[in-house]
Amino acid sequence: MFYDKHAKILITIVCAILGVMLATQFRTNESIKANIPYQRAEELGERLKVVEKERNNLLLDLQRLQEKTSDEVIAREINLLKAHAGFTALHGPGVVVTVDDSKKAAKPGDNPNLYLIHDDDLLRIINELRAAGAEGIAINDERLLAVSEIRCAGPTLSVNNNRFAPPYVIRAIGDAKSMENSLKMRGGVMETLKFWGIQISVTSEEKVVLPPYRGTQSFEYAKVGEGAK
Amino acid sequence: MLYPLFGLLIGLYVGLNMPLSLPQEYIKFLSIALMAAIDAVLGGVRSAREGNYDNQIFVSGFFVNAIVAMILCYFGERLGIDLYFVGILAFGLRIFQNIAIIRRLYLGK
């Protein structure tokens with residue numbers, strides 16, 4: 001026809017450029033389509049799947065935990081409460097306080113009672129220990145409960161209705177340093193007792209073992225709860 | 001008559017396999033350039049049928065139209081005037097016109 005060779009090449013090149021432009025436009029358009037709504041939908045679908053899986057796992061967990069609640073969790077709770085109440089043995093760092101009667105001979109005219117250990121001496125020590133954060137206390141292997149008494153019973157002391165004679169060994173678990181310091185405080189328990197010659201010593205120990213309360217406890221009068229009015 | 005088709009196929013093949021893709025904000029320019037290019041090619045076909053085909057006019061028309069269309073579109077965008085639509089409309093009208101004339105020429109009426 002009327003094209004020469006030069007024209008053919010040029011036309012081919014021009015058409016090739018047109019083809020490239022067409023293809024690029026097509027691809028860009030496709031990628032935009034893929035980018036915005038499709039990718040978003042895919043992403044949301046993926047997230048939905050993940051969240052559903054998570055939900056199913058959590059439901060299973062819940063079920064398992066509810067099944068467990070009847071035995072394992074309750075058992076754990078009971079153990080913890082027992083430990084708090086003093087019905088289990090405890091061990092941990094703490095102090096051991098040994099108290100014994102005075103070896104000083106009472107001066108004539110002095111009240112010999114002043115040279116003996118009394119319940120209130122021990123109560124002061126116990127109180128001091130509790131103030132210093134003792135988590136568990138035992139006197140001569142008798143665990144102190146919330147309702148334990150320390151009471152004078154003739155020449156002996158009665159703790160949990162068991163009688164003990166001196167020397168008394170008080171074990172307490174807690175911050176050994178602060179308990180020791182609170183006892184040795186100037187003008188504190190130890191200084192007062194030592195004034196009367198009462199032998200008292202405090203040692204911090206890495207491991208103090210408290211025995212459990214061995215008796216039984218029951219409520220005769222108290223009932224649980226506030227009760228209906 | 002096979003050369004344009006051949007070139008078009010090569011271009012399509014290269015374009016589809018090209019790794020680089022256009023950022024989305026430039027797709028307007030490419031599309032208006034594409035309209036100009038299609039118009040130029042159809043104009044070329046038409047002039048070939050009419051018998052007054054000129055190589056220089058064809059090639060320069062192809063590139064200059066595309067580039068001017070893009071420049072117009074760019075400034076329209078910067079000025080906030082939608083010259084893009086004007087270009088698309090103008091080239092679209094011309095494409096249909098060219099196709100109509102080519103159709104008539106092929107039908108020989």
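Letters go in sequence order (proteins before strands), and every chain restarts at 1.
Counting heavy-atom pairs under 4.5 Å between each of L10(A), I17(A), V14(A) and chain B puts V14(A) at the top. With chain A as the partner, the residue from V14(B), I38(B), I27(B) showing the most heavy-atom pairs under 4.5 Å is I27(B).
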Show your working on side-chain contact (heavy atoms from CB on, under 4.5 Å) between Q97(B) and R94(B) and close with a plain yes or no.
CA-CA 5 Å; Q97(B) 222 170 4; R94(B) 276 191 57 171; 4.3 Å; yes

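In terms of modelled atom types and a separation under 3.5 Å, the side chain of N17(B) and the main chain of Y13(B) share a donor-acceptor contact. E191(A) contributes no side-chain N or O that, together with a main-chain N or O of M185(A), makes up a donor-acceptor pair within less than 3.5 Å.
At a 4.5 Å heavy-atom cutoff, the contact between A33(B) and chain A is made by backbone and side-chain atoms alike. Looking at L9(B), neither its backbone nor its side chain comes within 4.5 Å of chain A, counting heavy atoms on both sides. With a 4.5 Å cut-off on non-hydrogen atoms, L18(A) touches chain B through its backbone and its side chain both.
Within a 6.0 Å radius of NZ in K82(A), other residues, nucleotides and ligands contribute 12 heavy atoms or fewer. Other residues, nucleotides and ligands contribute only 12 or fewer heavy atoms inside 6.0 Å of the CD atom of Q56(B).
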